[in-house]
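In what follows, every chain begins at residue 1, and chains take the letters A, B, ... in the order their sequences are listed. This is a predicted model, so every value here is computed, not measured.
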Amino acid sequence: MKEMANKALRLGIIGAVAALLLAVVNNFTEPVIAERMTRELTEALTVLAAGGTPGAVETEPAPGVPQRWPIKGGKGWILELTGTGYGGPMTIVASYDTGGTVMVARLMGNNETVGFGKKAEDSSYMKIFVGTGGNRPVPRTKADLGADADTVAGATVTFSGITDALRAGSELVQEWEGR
Amino acid sequence: MERLPLVTTSPQIHAPGSTRRVMGWVLAALVPAAVWSIVLFGWRAALVITASVAAAVITEGLLNLAFKRENTLNDLSAVVTGVLIGFNMPPEVPVFIPVVASVFAIAVVKWSFGGLGSNWMNPALAGRVFVFFSWGTDMTRWTLPGIGGADAVSGPTPLGSVKLALSDLSAGIDGPMRLLESAGMPTTYLDLFLGRIPGSLGEMSALLLIIGGLLLIILKIVNWEIPVAYIGSFALFMWAFDGMQYGGGIFSGDVLFHLFTGGLMLGALFMATDMVTSPLTLKGRIIFGLGCGLFTFVIRRFGNLPEGVSLAIIFMNILVSLIDRFMKPTRYGVVS
Amino acid sequence: MNKFKTFTRGGIHPPEGKGSTSNKPIRNAPLPAVAVVPFSQHIGAPAKPLVEPGDHVEEGQLIGEPAGFVSASVHSPIPGTVKEIKNLYLPSGIKTTAAVIELDGEFSRLGKPILTRDWSVMAKDEILDILKQHGVVGQGGATFPSHVKFSVPKGRTCEVFLVNAAECEPYLSADHRVMLEHTEDIVEGIRIIKKLLDPERIVIGVEVNKPDAIEKLKAAGAADGIEVMPLKVKYPQGAEKNLIEAILDREVPSGKLPIEVGVINANVGTLVSVCEAVRDDKPVIERVVTIAGGAIAQPGNIRARVGSSIQDLIEECGGLAEEPEKFVSGGPLMGFTFIDLDSPVTKGTSGILALTKKEVQSFAATACLSCGRCVKACPMGLVPTTIFKNIEHERLDDATAFGLDDCVLCGACAYVCPSHIPLISAFKAARGRKRRLAAMNKG
Amino acid sequence: MTYIGIIITYVFVSNLVLSQFLGLCPFIGVSKNTESAVGMGFAVTFVMSLATLITWALQHFILVPLNIVFLQTVTFILVIASLVQLVEMVVRKYSPPLYQALGIYLPLITTNCGVLGIALISVNESYGPMESFIAGLSAGIGFLIALLFMSGIRERLDTEKVPKHLKGTPIAFISGGLMALAFMAFDRALLTNLIGG
Amino acid sequence: MKGLFKGLLKENPIFVLALGLCPALAVSTTVNNALGMSAATLIVLIGSNLVISSLRKHIPDDIHIPAYIVIIAAFVTLVDMTMQAYFPALSKSLGIFIPLIVVNCIILGRAEAFASKNTIGASVIDAIAMGVGFTVGLTAIALVREVLGAGTITIFPDGGVIRIPGLADKPALVFAFPAGALIVVGFLQAFFRWLGEVTNK
Ligand SMILES: Cc1cc2nc3c(=O)[nH]c(=O)nc-3n(C[C@H](O)[C@H](O)[C@H](O)COP(=O)(O)O)c2cc1C
Ligand SMILES: Cc1cc2nc3c(=O)[nH]c(=O)nc-3n(C[C@H](O)[C@H](O)[C@H](O)COP(=O)(O)O)c2cc1C
Ligand SMILES: Cc1cc2nc3c(=O)[nH]c(=O)nc-3n(C[C@H](O)[C@H](O)[C@H](O)COP(=O)(O)O)c2cc1C
Ligand SMILES: Cc1cc2nc3c(=O)[nH]c(=O)nc-3n(C[C@H](O)[C@H](O)[C@H](O)CO)c2cc1C
Ligand code: SF4
Ligand code: SF4
Ligand code: SF4
Ligand code: SF4
Ligand code: FES
């Protein structure tokens with residue numbers, strides 16, 4: 001019995017020391033991690049705001065839009081959108097001016113295939129949507145792309161998922177802006 | 001007597017036949033389809049097929065040399081693999097792709113396991129799937145066949161078009177043929193049967209493949225069990241469940257469309273039947289064929305990959321050893 | 001379709017090749033000037049020689065006596081003088097001693113009237129003893145001593161006596177001719193065995209490619225309640241286990257003898273020998289041999305004395321028309337090749353074949369394609385390629401588990417194999433190795 | 001995701017071994033023959049199902065409320081190790097035949113990263129308790145299937161003419177690679193279409 | 001010195017012992033990941049070997065497994081947190097394979113087989129030997145996979161990327177997937193076997 005207690009005690013000590021150590025280290029790293037994450041978010045939003053300043057976040061302003069941020073001074077909106085790609089749901093963030101025209105767009109979380117849909121993560125891929133949505137409609141099919149069609153070749157599903165989401169975003173913005 | 005008679009173990013006589021003869025007949029049965037693909041796609045088809053055969057043969061020859069194994073080129077199995085790889089390529093494929101497929105097939109899938117007879121996965125199909133997943137865009141660029149192939153126009157395969165068109169299907173279209181029509185690709189069953197549709201080089205004409213396949217079955221080079229079980233179960237599944245996508249009920253699928261498009265005939269007659277990578281016994285082969293049919297159906301009906309036949313067969317290849325293990329013949333005088 | 005019975009698993013249909021001999025009556029071979037008589041012409045212990053060089057022997061004199069229970073007597077086929085006792089290899093590869101007898105003196109039996117005994121008054125033991133004294137052994141291939149085979153072990157009964165008249169091997173027609181020309185002897189042989197075994201049924205299994213024999217046997221055996229069962233042509237119908245399955249739908253359990261399922265079977269040639277031994281008091285000193293194959297000028301069936309040289313028999317059939325690829329003793333599927341044409345005919349020699357290159361179709365082995373043809377051909381329901389590969393990789397235990405010991409070495413698998421895999425030679429070698437290992441473990 | 005979706009995901013689409021790189025050591029180490037492969041497969045399935053359930057509880061009732069998620073790795077692996085011990089004891093006591101069959105594999109499971117892996121994945125995917133359990137169960141079945149297929153192939157390879165240096169584990173890896181190639185048939189698009197329509 | 005070399009060839013954990021495979025394969029898509037993973041593993045190996053060998057007289061036999069696990073897990077978590085804080089990109093691409101170092105058979109295996117029986121100095125040397133062997137194995141796999149599967153060699157994600165002309169435009173993507181990884185390991189293993197044989201002669 002005494003031996004058992006002895007062993008339990010030793011194990012307990014090892015455990016406690018380990019837990020304590022981790023708690024201490026966690027104390028240092030947690031704020032660093034948290035701070036880095038907010039910094040990354042603001043950096044991203046600043047890029048998206050295309051010169052403007054992002055405002056406070058709102059959640060679930062509309063179905064299919066988990067989050068949105070106004071761009072201060074009524075210059076437009078930054079939306080988090082969801083689309084359906086080849087590998088299931090994809091997260092897309094995009095900023096629109098008040099006319100519903102895409103200013104900047106990024107493909108974030110996704111399960112697309114490396115070499116196929118994944119190439120949509122490249123900024124050059126998303127450039128083909130910039131400037132569409134307002135006066136120029138968001139491209140619907142590959143045929144609408146003209147010279148850019150090659151960029152999306154081999155990944156039509158991803159392409160449709162992204163363009164559907166962006167179009168929906170544009171329509172929402174126009175609705176909010178009362179057009 | 002000038003020379004001594006042979007001393008051999010029984011049996012003293014053998015049925016006529018040899019590996020070389022078996023492979024030779026397979027090649028002969030593939031000739032009509034090869035000729036037809038050259039007619040349809042021109043010199044490019046010849047180039048692709050030649051390149052894959054050459055790569056397969058050279059790889060096998062070099063490996064034999066490098067590892068001091070006896071020369072196995074005479075058995076012609078590497079040529080069969082090469083031809084089938086060529087057959088599985090789209091016409092406009094960059095030539096390095098069939099070459100890599102052949103090298104992978106022979107070096108990795110066949111030689112690593114011990115060469116002819118020792119591999120458990122179909123080399124040509126593994127090679128084809130390998131390059132498909134590596135260079136998918138190049139492997140899905142199709143051209144419309146035209147006699148001579150001179151002014152080939154690019155376009156998706158019927159299966160591909162149907163998949164695309166299905167995604168924004170409007171009401172009132174009752175099957176794949178109507179769907180093709182509405183997608184601006186009017187096609188008749190005869191077109192499908194004769195290969196006047198985009199597709200891989202060797203899978204163009206169901207007719208020529210069936211003729212070749214029947215020849216092999218009649219000559220008893222291949223067994224009937226796998227093609228019959230494969231094509232039969234696949235047709236049944238398609239008939240039963242494919243109509244539903246078009247708003248039809250059960251048993252309203254367009255079987256003919258599915259039988260004559262894509263690589264089904266090539267796969268079922270020439271690739272699932274590779275004896276090295278299919279089961280040893282009759283029961284086993286029927287199970288294998290049924291499995292191929294089921295998976296081809298599932299991948300074609302639900303998947304986005306244009307690869308139903310290849311993937312279904314190599315998936316079933318995995319199961320062959322287990323099938324052989326459990327589907328042994330009942331032994332004489334042994335009660336289990 | 002299934003009018004005729006056959007066994008269920010496997011089987012093959014090689015070209016029959018019997019046409020050139022089956023319609024020709026049996027001819028007598030000339031008497032040999034020198035007879036080489038091996039003391040080991042049967043399964044079991046070799047006979048113990050009773051003669052020495054210089055001894056004079058009579059036609060049919062006992063020159064070797066059984067050395068043990070499973071052994072058989074050997075008789076001199078001709079009158080003459082023993083020149084020497086020498087060692088030689090039989091075509092089967094068996095090494096044996098043999099008496100070389102030079103013809104000289106009177107034939108005591110040849111041309112003399114046959115003395116007929118009334119065996120119905122004899123006791124069973126007496127009949128068995130006659131079989132033993134007269135050197136009767138099975139002529140269907142295994143040459144098992146008949147006096148042993150027809151002694152039913154205690155606690156067993158023989159329900160069915162099967163007569164193996166399948167003669168499924170290509171080219172051979174000796175049994176066929178014997179059935180046509182010695183029908184009455186066969187039936188008499190059956191009557192003798194019937195007395196020994198007292199079976200409920202007697203069935204003769206004959207393949208339908210011998211319709212004349214079927215008719216004759218039916219007519220001759222009807223009075224004795226002998227059933228004649230026509231069987232589909234398929235090799236190896238004559239292998240006893242498959243014959244039992246074909247006719248009775250019973251399977252002899254793995255590793256057991258046919259008596260386990262109440263069956264004893266014998267070849268038609270054996271029955272003629274039984275009849276001659278018991279009724280005519282004649283030892284086994286001659287047998288019918290088929291001489292055939294594409295290289296033989298005038299193929300036929302020949303009644304030859306044991307110990308005759310094969311060369312003489314071939315000469316008797318017009319010699320060689322072309323150069324043969326192989327000489328085979330026995331049928332082409334189970335027989336053995338040999339080179340020495342001076343080899344003697346033994347009690348078990350059913351045929352001598354001189355096969356041409358075209359008939360033989362031999363190629364160097366290539367890799368197994370797993371085509372499954374061997375599986376489809378195997379009458380025992382085995383997977384020959386798997387057994388082979390296990391042997392090749394030194395896995396004798398696995399090979400045994402897959403049925404190495406159940407294989408009857410019929411050769412059907414190797415016959416159909418497109419890769420010419422040496423299946424049978426591997427099986428034989430592996431069994432030999434197993435036997436040696438077992439002996440080593442014992443000793 | 002529906003339960004069916006989770007099952008198809010972890011048996012085929014995200015098969016631990018063939019598409020997630022988890023549990024490879026036993027996949028190579030215990031696949032030499034079918035009997036041991038099946039034994040190991042069942043043992044793993046059993047432990048995985050329980051482990052995902054228990055770690056779910058641990059995460060939601062202890063780590064998160066006490067704000068000590070940084071102890072996740074330590075506590076999860078301890079739970080799994082004790083679970084394996086416990087299972088071993090219980091099975092030995094109450095089912096000797098099962099112990100005979102599974103016993104030798106149980107200790108090996110502690111260092112099978114598949115178990116910890118699926119526990120962490122379930123937490124990352126924010127599955128509920130039942131979903132976690134199903135995920136563990138189907139991941140185990142996926143592992144069992146991969147192991148069974150592999151053992152069949154390796155038994156065949158035992159009697160093939162594999163070149164000397166490739167014999168054993170190298171050719172097992174290559175076979176595993178080819179299996180994974182075939183499993184690429186089961187992609188997410190197939191899954192979505194299957195359970196969605 | 002000999003101790004160091006055995007980890008490289010004769011007892012190379014990945015190629016000869018076939019241990020610790022999952023992290024090796026999962027993260028070996030780029031050389032950079034492989035190096036990061038190796039470093040993490042090396043730190044955990046050294047740390048746990050050090051602690052375990054110094055505590056070896058104080059840990060009773062029948063609780064040694066849980067005790068070792070706790071020690072190893074603590075080191076792993078430590079590395080994990082540090083990486084998240086200071087190497088976020090690497091941490092993201094290594095994902096759950098960092099916590100999974102806990103069950104890396106090499107670490108527990110060395111703790112049991114070596115550190116529990118040897119002095120601190122010897123244990124650290126052993127840890128380094130095994131860690132270096134792991135690093136070599138992992139980097140070899142990553143090198144082959146990245147060159148074939150991406151046409152690049154990434155030593156540092158920013159600026160340290162070597163592009164291989166031709167391959168970089170049309171890489172054989174399969175090598176980035178598990179299928180390619182397993183095939184590469186198979187051939188590398190055979191290659192190391194052959195190398196072992198040749199160097200032994
Ligand atoms: C391995 C593999 C991965 C794929 N991944 C994607 C993908 O991420 N996104 C996508 O839209 N299509 C993907 N596809 C689907 C095909 O490329 C499909 O043919 C294509 O979407 C059709 O578009 P296309 O007409 O532009 O070739 C993938 C196919 C394969 C074989
Ligand atoms: C493959 C094979 C084929 C055989 N074919 C025959 C045959 O056609 N006729 C025959 O009498 N015995 C044949 N036998 C021999 C029989 O199995 C059995 O030994 C014989 O019929 C017993 O009779 P016996 O003792 O009178 O020789 C064959 C044996 C084997 C293994
Ligand atoms: C070692 C041995 C022992 C035998 N013992 C008996 C026996 O006791 N009783 C019997 O009826 N047959 C016996 N036989 C004969 C078999 O039943 C059978 O006829 C013989 O094996 C030949 O068959 P086969 O030509 O098909 O191989 C024995 C055979 C052998 C080889
Ligand atoms: C009927 C038949 C079909 C064959 N099919 C294929 C095939 O689909 N792919 C392939 O690589 N080789 C095929 N071969 C050739 C050969 O059997 C194959 O390469 C072996 O798998 C090599 O061990 C075939 C051979 C025959 C006789
Ligand atoms: S080879 Fe066959 S028939 Fe001849 S003795 Fe052996 S088992 Fe009997
Ligand atoms: S020698 Fe031939 S025909 Fe005669 S019994 Fe044997 S196998 Fe049958
Ligand atoms: S020799 Fe043996 S394995 Fe071959 S077919 Fe005959 S019984 Fe079957
Ligand atoms: S018949 Fe020959 S090639 Fe075919 S499976 Fe049997 S042994 Fe192999
Ligand atoms: S099982 Fe994954 S590292 Fe060993």
Side-chain angles (χ1 to χ4, degrees), chain B residues 1-23 25 69-70 72 74-77 110 114-120 220-223 225 273-285 320-321 324-325 327-335, chain C residues 9-10 12 14 170 241-242 245 251-256 323-328 330 332-339 353-355 359-363 366-372 375-376 378-383 385-386 403 406 409 411-412 414-420 422 424-425 428:
Chain B
M1 230 174 293
E2 295 120 56
R3 75 199 152 94
L4 284 179
L6 294 182
V7 177
T8 48
T9 318
S10 63
Q12 310 302 355
I13 55 172
H14 293 271
S18 65
T19 309
R20 194 182 153 85
R21 195 185 92 110
V22 168
M23 299 297 163
W25 275 114
R69 293 200 156 199
E70 66 186 289
T72 50
N74 288 333
D75 66 32
L76 297 180
S77 67
K110 184 174 168 189
L116 177 66
S118 297
N119 52 300
W120 61 264
K220 300 212 159 129
I221 303 265
V222 307
N223 293 290
E225 295 99 85
T273 50
D274 174 16
M275 42 277 252
V276 174
T277 53
S278 57
L280 279 168
T281 61
L282 184 137
K283 271 184 286 180
R285 284 191 285 260
V320 167
S321 322
D324 276 340
R325 186 190 160 101
M327 289 297 131
K328 285 202 284 267
T330 48
R331 274 166 62 178
Y332 180 106
V334 177
V335 266
Chain C
R9 299 172 185 78
I12 55 173
K241 290 186 171 179
N242 300 101
E245 190 203 350
E251 289 185 13
V252 182
S254 165
K256 295 287 190 332
E323 193 174 325
E325 184 83 350
K326 288 179 184 175
F327 287 108
V328 177
L333 285 154
M334 292 201 54
F336 303 92
T337 50
F338 61 94
I339 297 182
L353 309 176
L355 300 172
E359 291 169 296
V360 164
Q361 294 275 345
S362 71
F363 288 90
T366 48
C368 168
L369 296 173
S370 301
C371 67
V375 185
K376 207 169 160 195
C378 180
M380 301 304 285
L382 305 174
V383 183
T385 168
T386 307
D406 282 344
L409 299 170
Y415 173 80
V416 295
C417 176
S419 302
H420 298 270
I424 306 302
S425 84
K428 285 184 176 170

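Residues B/Leu6 and C/Ser362 share a closest heavy-atom pair of CD1-OG, 4.0 Å. Closest approach of C/Pro170 to B/Ile13, counting heavy atoms only: CG-CD1, 4.5 Å. Counting all heavy atoms, side chain and backbone alike, C/Asp406 lies closest to B/Arg331 at OD2-NH2, 2.9 Å. Contact record, B/Gly117 with C/Ser370: O-OG, 4.4 Å, taken as the closest heavy-atom pair. When all heavy atoms of C/Thr337 and B/Val7 are compared, the closest pair comes out as OG1-CA, 3.4 Å.
Side-chain polar atoms of C/Lys326 and B/Thr8 form a donor-acceptor pair below 3.5 angstrom.
With a threshold of 4.5 angstrom between heavy atoms, B/Arg21 does not approach chain C through any atom at all. Interface remark: C/Val383 contributes side-chain atoms only to the contact with chain B (heavy atom separation under 4.5 Å). Looking at C/Val360, the atoms closer than 4.5 Å to chain B (heavy atoms on both sides) sit in the backbone and in the side chain alike. If you measure heavy-atom distances from C/Cys368 to chain B, the contacts under 4.5 Å come from the backbone alone. Heavy atoms closer than 4.5 Å to chain C are found in the side chain of B/Val22, but not in its backbone. Heavy-atom distances place the side chain of C/Leu355, and not its backbone, under 4.5 Å from chain B. In this structure, the portion of B/Asn223 lying under 4.5 Å from any heavy atom of chain C is its side chain and not its backbone.
Heavy-atom pairs under 4.5 Å with chain B were tallied for C/Asn242, C/Thr366, C/Val252, C/Thr385; the largest tally goes to C/Val252. Per-residue heavy-atom pair counts under 4.5 Å with chain C were compared for B/Met275, B/Gln12, B/Lys328, and the maximum is reached by B/Gln12. Of the listed residues (C/Val328, C/Leu369, C/Val375), the one with the most heavy-atom contacts under 4.5 Å to chain B is C/Leu369.
Rounding to the nearest 0.5 angstrom, the gap separating the OG atom in C/Ser419 from the CG atom in B/Asp75 is 9.0 Å. Rounding to the nearest 0.5 Å gives a distance of 8.0 Å between SG of C/Cys371 and CG of B/Leu280. Rounding to the nearest 0.5 Å places OG1 of C/Thr386 at 12.0 Å from CZ of B/Arg325.
Side-chain atoms of C/Glu251 come within 3.5 Å of backbone atoms of B/Gly333 as a donor-acceptor pair (strictly under, hydrogens ignored). Judged by distance alone, with hydrogens and angles left aside, the side-chain atoms of C/His420 form a donor-acceptor pair with the main-chain N or O of B/Gly17 at under 3.5 Å.
Put simply, the side chain of C/Ile424 reaches to within 4.5 Å of the side chain of B/Pro11, judged on heavy atoms.
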